[in-house]
Amino acid sequence: MIQPAARAYDARKSEPEIQAWWQTSDTYEKVKQLRSGARPWYFLDGPPYASGAIHLGTAWNKIIKDALLRYASMRGLNVLRQPGWDCHGLPIEVKVEEKLGIKTKKEIEQRVGVEKFIKRCKQWALDHVALMTEQFKRLGVWMDWDNPYVTFTNDFIESAWWTLKRAHERGLMRKDLRVIHWCPRCETALAEHEVRGEYYDVKDPSLFARFKLRDRPNEYLLVWTTTPWTLPADMAVCVHPEHAYARVAVGNEVYILAEALVEKVMKELGIEEYRVLDSKEGRGLRGLRYKHPLLGEVPKQSGYVQHHRVICGEHVTLEEGTGCVHTAPGHGEEDFAIGARHGLPVFSPVGPDGKFTQDAGKYRGMFVKDADRVILDDLRRKGVLMKHGVITHTYPHCWRCRTPLLFRATDQWFLSVSELKPKILEKNAERVRWVPDWAATRYVNGVESVGDWCISRQRYWGIPLPIWVCQRCRETIVIGSLEELKGAAKESIGEIDLHRPDVDRVTLRCGRCGAEAKRVPDVLDVWFDSGIASWASLGYPKRSERFEQLWPSEFITEGEDQVTKWFYSQQVVSVVAFDEMPYKIVLMHGFALDEHGRKMSKSRGNVIDPQEVIDKYGADVLRFYMLSAGPPWEDLRFGWKGVDIVARMLNVLWNVHVFATTYMALDEFDPKKIDLERVRENFMPEDSWMISRINSVTRDATEAFQKFDLHHAARTLASFVLEDLSRWYVRLVRERVWIERDDPRKLAAYVVLYQAIHTLVRLLAPIMPYVAEVMYRDMVKAADAGAPESVHMLPWPSIDERAIDAKLERGMSIVRAFVEGGAAVRQQAQLKLRWPVSKVLIRTSSSEAKSALRGLQGVLQGQLNCKELVLLGPGEQSAEFRLVTKPNTQRLQERLGRLSQPVIDTLQKMDVFRLGAEVQRYGFAGLQIEGQKVSISSEELSFEEELQEGFAAVSTEFGRIAIDSRMTPELQAECLARELVRRLQTMRKELDLAMEEQIDVVVGTEVDEYIKLLATQQDYLSREVRARNLRICRASEVEEPGYMKEWNVDGDRFKLLVKRLPA
RNA sequence: GGGCCCGUAGCUCAGCUUGGCUGGAGCGCUCGGCUGAUAACCGGGAGGUCCGGGGUUCGAAUCCCCGCGGGCCCA
């Protein structure tokens, strides 16, 4: 039996209840079971980082995934939805350091010990996995929460090792001295992609220095730099080979700099008197030797004097500086590259902690940025410094601790991405579908600009590099699994945890020379961890069955920042391991921003906690809001107003549900016992229309889901609920539902409502899983014990194309346009909607519109609340509402004189519509008057609408509508009756009467003629208020007992009495 | 400096792929209605240089070019 739904829907109460029920009845497992035999569909979850609570962006990400996965599951696919957790890496290390009060890297090894540190990191990750899992569950996200993939398990680590071994075997991994970004606080290298997006404005010194040439007296190279601390490592000065360089005389001295920059630089240096001596291409300067400015301070440089020369490089620009670029191969990427080409030594006298080493001579022990000042002083003292200022520019920072990064030359391990690039791009173009398609362009541009991937980190909490190096012959051994390690280890190791410090202790015997091999102490870049997720999460290579069945994954979706991160790292390692793409479809989604389009950040104080939204509105509203706010791939501006609108939509949806279940329950409607054929015979036009609509909506929503246009799916559903279901269908069937007998037309309305809601809850299920479940339970499950227990076990609704009647839908929208027009006329004429009118005239602007209305006149007339409806097509006239020709008498007389009168007579006799069409088409009309041809221009006549007295009219999209606003005694009686019904209903409600309960009523009025008028409405009144006896009399005759109330109805006083009947 | 995206009502966004009749919705504003779906709901109205300029076309919010402004990614 269908049960009347709760009066109001309280998501905050219902959602946890439903969730608990899902839990106890194991609904998710049952759904999985149902699809277990179907075609597998491998979704790969991009693992969120297991640190801290979820934010709005994380919530959106999972909401998108959940909606699509629920949809895919309803479409009958066996969806694989294992959640992942990214657990390694610096962010967790930093948190644990904070907790343990650790300030430097040394303390980890010396004070705390690596073992304890790792233990704490793992615990931190586990705690946050648990915390975030609960938050995702509350969002209604259905995934295998009890069986996630976690990047710190031995299995996962072994997958990484296996992949690295593949890379090694293919010659794609190598150790190299490289200048890379280095964080002096975390004391580790950072990869290119870790630095992306981490450029912030900083203030740095800006200085001009002069380097004295050795072979030309009083001649100098003029050099500009913002990093004085790199001068101790200076090896050469680079100029552009093709740009012109000038020799500029200032007093007795000559400066060399780019000709194009002479004026600008001299101005900046404050030199007004100077003379350009000559100028030649940069390549002409090649080989000029100069005296290193800090030769005395950095003794080590004395060994390099043969290198201190001018070299040429294409990377030199003339945008800033002097065109003479100070080059320190140990401290800059470009410097390193050009240095390598010219055989310059990589001198990098800076330690991991950012302090100068022994090699830096005088500056030894100073932190490099602190040394800036000392170096500046030295330069000034030595007459090298020409000018010293401050510049604001963007500079890379550590993404975890915001420390400005340094460039430092160190030994690191690299994946040779440059070799793989062509393959990556080729396979990507061939195999991967990007949504939206322009994301692919963005991706390809990104890939084209990247270099090799530095995968080593000098840290602790990560996958240890499985690389052992022989202490004698330097042979490199890469281990691919724990088994392999056991076999190669010098001593038996048993089941160890594959993290540091356990693996650090394992030593191998070198296969080549037999000496001891020790592990390289580095760990892996975490982006490698997540990169291998598509097979590591399947347990490959240890177990290959699932991998062979499922890989590559069908679908992934993450935020736009992942284009150059996870989307990329996955493709790289996948090509390393398999020469294939790891996923087939990738949906890029946007960022969650605040309502002004700014990034949410703690410092701005504009962060929205998803929990806050859930507490106020529930998860369904948050989900629907985030999915409907815009296309997934555009940034989402979060605004509370938008959330509130969704909440109201949900409320209307619920009201429809309450309406339907209330009356169905009252009439003990049983959808199982319906003779559909008989019901269909009793369909009203609006019933067929509703069936057509629900099928159109199913079609539209399905198409939208297929295209990942989640916003269109959501908006289609919202508009269906509000416009079609609530504002139109329920409005049309309301009266039918009041019929008390078992009327077949009422039954028809129930059947249609039932079918509409039954379909609707399935369409809504992926977006609003909670309320869909509740509605399904109240209406479908309650009536049919044999129905599946959860809406999420049902298949996606199919589309009945035959039920879609485009003409009917169009006709109905025309009806609605005229009903709205009618409301506008009534407002003009001050006629309440409740008051019936005697006549309405409609003239459609096209014959199509008129024919579309055929069959819907009843609906139209009912909603227009009129006694008579006259439907006119274009060109049809009626006495009350006609178009007439108005010739411009004065003009015609002036031009035609005597002839004007017959012309006017003729014009007025002509068919106004044909005349109008002719004038509109040609600009004039031709007549034959008394044997003469006369041409009438459009200025000489006009057309006017003539409305009969008492009528009012407005235009709509489909034509004009006119209403007779005159009142008759009969109409007045009806109006009065309706006013009284409304008030009696209020009184019923105040008495808290059950809907079907009967009453006795006495209506008292002070106006005698009303007694006569109302007598004609006796039946109507009784029926509407469910009165057994209804008496109409003078107000003074109304006597208690009963509930009595006085009312003012449009200026007249009434006394109404309602008597409750004994049960 | 480069790549990609965005710019439509006071606000948030549809429409643009495939050019065409009067450019839509919600919110807000304003006026009104309804009261057995009711801490709701419904209707009317006002409100637009479709970022600017040029081009293609009979016709441009839509296609092309150039600017301006914003976002993201990269230098």
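Every value quoted in this text rests on a predicted model; they were computed, and no experiment measured them. Computed from heavy atoms alone, side chains included, the values below leave out hydrogens, waters and symmetry copies.
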Peer 1: Establish whether the base of A37(B) is bridged to the side chain of S726(A) by a donor-acceptor pair shorter than 3.5 Å.
Peer 2: yes

Peer 1: Please report the distance separating the C1' of G43(B) from the corresponding atom of G48(B), rounded so that it comes out in whole Å.
Peer 2: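 To the nearest whole Å, 23 Å.
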
Peer 1: Tell me whether E990(A) at atom CD has more than 12 heavy atoms from other residues, nucleotides or ligands lying less than 6.0 Å away.
Peer 2: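 Count over threshold, so yes.
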
Peer 1: Distance check needed: C42(B) C1' versus E723(A) CD, whole Å only.
Peer 2: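 The answer, rounded to whole Å, is 11 Å.
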
Peer 1: For RNA chain B, what is the dot-bracket line, given that a base pair needs Watson-Crick (N1 to N3, plus N6-O4 or O6-N4) or G-U wobble (N1-O2 and O6-N3) geometry with both distances under 3.5 Å, and | means paired with another strand?
Peer 2: (((((((..((((......[...)))).(((((.......))))).....(((((..]....)))))))))))).

Peer 1: When you compare G24(B) with C64(B), how far apart are their C1' atoms, in angstrom units rounded to a whole number?
Peer 2: 27 Å

Peer 1: Let me know, please, whether D561(A) or W654(A) comes out on the 5' side of the other along RNA chain B by nearest nucleotide.
Peer 2: W654(A)

Peer 1: Please measure how far the C1' atom in C27(B) lies from the corresponding atom in G67(B), and state the result in whole Å.
Peer 2: 34 Å

Peer 1: Would you mind checking if D724(A) and R816(A) are paired as a salt bridge, meaning a charged N to carboxylate O distance below 4.0 Å?
Peer 2: yes

Peer 1: Using a 4.0 Å heavy-atom cut-off, does R731(A) contact any base of the nucleic acid, only the sugar-phosphate backbone, or nothing at all?
Peer 2: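 No contact.
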
Peer 1: Can you tell me how far the OG1 atom of T564(A) sits from the OH atom of Y443(A), to the nearest 0.5 Å?
Peer 2: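 One gets 9.5 Å once the value is rounded to the nearest 0.5 Å.
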
Peer 1: Measuring only the P atom in each nucleotide, how far is C31(B) from G23(B)? A whole number of Å is fine.
Peer 2: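 These two P atoms come out 28 Å apart once rounded.
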
Peer 1: Just the rounded figure in Å: distance from P of A39(B) to OH of Y9(A).
Peer 2: 17 Å

Peer 1: Nearest whole Å is fine: how far is G36(B) P from M664(A) CE?
Peer 2: 21 Å

Peer 1: Using atom P of each nucleotide, how far apart are A46(B) and G7(B) to the nearest Å?
Peer 2: 27 Å

Peer 1: Apply ring pair (Phe, Tyr, Trp, His ring centres under 6.0 Å) to W633(A) and F708(A), showing your working.
Peer 2: CA-CA 10 Å; W633(A) 46 85; F708(A) 303 100; 8.6 Å; no

Peer 1: Starting at CD of E558(A) and ending at P of C73(B), how long is that distance when rounded to a whole Å?
Peer 2: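 Taking CD of E558(A) and P of C73(B), I get 16 Å after rounding.
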
Peer 1: Out of R1060(A), K1059(A), R1028(A), which one pairs with D1000(A) under the side chain to side chain donor-acceptor pair (under 3.5 Å) rule?
Peer 2: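 For D1000(A), the side chain to side chain donor-acceptor pair (under 3.5 Å) check succeeds only for R1028(A).
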
Peer 1: With the sugar-phosphate defined as primed atoms, P, OP1 and OP2, and the base as all remaining atoms, what B/S/- string results for nucleotides 27-32 of chain B, 5' to 3', for protein heavy atoms under 4.0 Å?
Peer 2: S---B-

Peer 1: Taking the six-membered ring where the residue is Trp, are the ring centres of W527(A) and Y568(A) under 6.0 Å apart?
Peer 2: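 No, too far apart.
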
Peer 1: Determine the contact category for H657(A): base if any of its heavy atoms lies under 4.0 Å from a base atom, sugar-phosphate if only primed atoms, P, OP1 or OP2 are that close, otherwise nothing.
Peer 2: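 Answer is nothing: H657(A) stays at 4.0 Å or more from every strand.
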
Peer 1: Among C72(B), A40(B), G43(B), which nucleotide sits nearest the side chain of N655(A)?
Peer 2: A40(B)

Peer 1: Just checking Q985(A): base, sugar-phosphate only, or nothing, at a heavy-atom cut-off of under 4.0 Å?
Peer 2: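 Base: the residue Q985(A), judged by heavy atoms under 4.0 Å, touches a nucleobase.
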
Peer 1: In terms of side-chain heavy atoms of R637(A), which of U12(B), C72(B), G71(B) is nearest?
Peer 2: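 Minimum distance to the R637(A) side chain belongs to U12(B).
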
Peer 1: What contact category does R988(A) fall into here, base, sugar-phosphate, or nothing, at under 4.0 angstrom with non-hydrogen atoms?
Peer 2: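 Counting heavy atoms under 4.0 Å across all strands, the contact made by R988(A) includes a base.
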
Peer 1: Given D10(A), which partner from the list R12(A), R7(A), K13(A) fulfils the salt bridge (charged side-chain N to carboxylate O under 4.0 Å, His left out) test?
Peer 2: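 So the option named by the test is R12(A).
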
Peer 1: With a non-hydrogen cut-off below 4.0 angstrom, is P4(A) in contact with a base, only sugar-phosphate, or nothing?
Peer 2: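 Counting heavy atoms under 4.0 Å across all strands, no contact is made by P4(A).
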
Peer 1: Can you check ring pair (Phe, Tyr, Trp, His ring centres under 6.0 Å) on F638(A) and Y625(A), steps first, answer last?
Peer 2: CA-CA 9 Å; F638(A) 179 90; Y625(A) 168 71; 5.5 Å; yes

Peer 1: So, is T564(A) close to the C74(B) phosphate, meaning a side-chain N or O under 4.0 Å from OP1 or OP2?
Peer 2: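 The answer is yes; a side-chain N or O of T564(A) sits under 4.0 Å from OP1 or OP2.
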
Peer 1: Taking CG from L636(A) and P from C72(B), how many angstroms apart are they, rounded to a whole number?
Peer 2: 15 Å

Peer 1: If you round to the nearest 0.5 Å, how far is CG of L760(A) from CG of L717(A)?
Peer 2: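 L717(A) atom CG to L760(A) atom CG measures 6.5 Å (nearest 0.5 Å).
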
Peer 1: Are Q3(A) and T661(A) side-chain neighbours, meaning at least one heavy-atom pair lies under 4.5 Å?
Peer 2: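 No, every pair of side-chain atoms sits at 4.5 Å or beyond.
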
Peer 1: Once you apply a heavy-atom cut-off of 4.0 Å, does N651(A) come out as touching a base, just sugar-phosphate, or nothing?
Peer 2: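 The residue N651(A) makes sugar-phosphate contact but no base contact.
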
Peer 1: Output the distance between atom CH2 (W835(A)) and atom CG (L971(A)), rounded to the nearest 0.5 Å.
Peer 2: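 Atom-to-atom, W835(A):CH2 and L971(A):CG are 11.0 Å apart.
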
Peer 1: Give the rounded distance in Å between these two atoms: CE of M775(A) and P of A37(B).
Peer 2: 16 Å

Peer 1: What interatomic distance, in whole Å, is found between P of C72(B) and the corresponding atom of U62(B)?
Peer 2: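 My reading of the P atoms in U62(B) and C72(B) gives 27 Å.
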
Peer 1: Rounded to the Å, how far apart are R1026(A) CZ and G36(B) C1'?
Peer 2: 9 Å

Peer 1: Within this structure, what is the CG-to-C1' distance between D437(A) and C5(B), rounded to whole angstrom?
Peer 2: 12 Å

Peer 1: Mapping F659(A) and R442(A) onto RNA chain B by nearest heavy atom, which one lands closer to the 5' end?
Peer 2: F659(A)

Peer 1: Base, sugar-phosphate, or nothing for Y663(A), non-hydrogen atoms under 4.0 angstrom?
Peer 2: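 Sugar-phosphate only.
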
Peer 1: Taking the C1' atom in each of C51(B) and G45(B), what is the distance between them to the nearest angstrom?
Peer 2: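 Between the two C1' atoms, the distance is 28 Å.
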
Peer 1: If you compare every side-chain N and O of H712(A) against the phosphate oxygens of G15(B) (OP1, OP2), does one of them come in below 4.0 Å?
Peer 2: yes

Peer 1: Starting the side chain at C-beta, find the nucleotide from C6(B), U12(B), G36(B) nearest to E634(A).
Peer 2: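 Side chain of E634(A) sits closest to C6(B).
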
Peer 1: With P as the reference atom in both, quote the distance from C6(B) to C13(B) in angstrom, rounded to an integer.
Peer 2: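 Those two atoms are separated by 13 Å.
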
Peer 1: Show your working on side-chain contact (heavy atoms from CB on, under 4.5 Å) between V954(A) and R960(A) and close with a plain yes or no.
Peer 2: CA-CA 6 Å; V954(A) 299; R960(A) 274 179 79 74; 5.6 Å; no

Peer 1: When all nucleic acid strands are considered with a 4.0 Å heavy-atom cut-off, which category describes V730(A): base, sugar-phosphate, or nothing?
Peer 2: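 Touches a base.
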
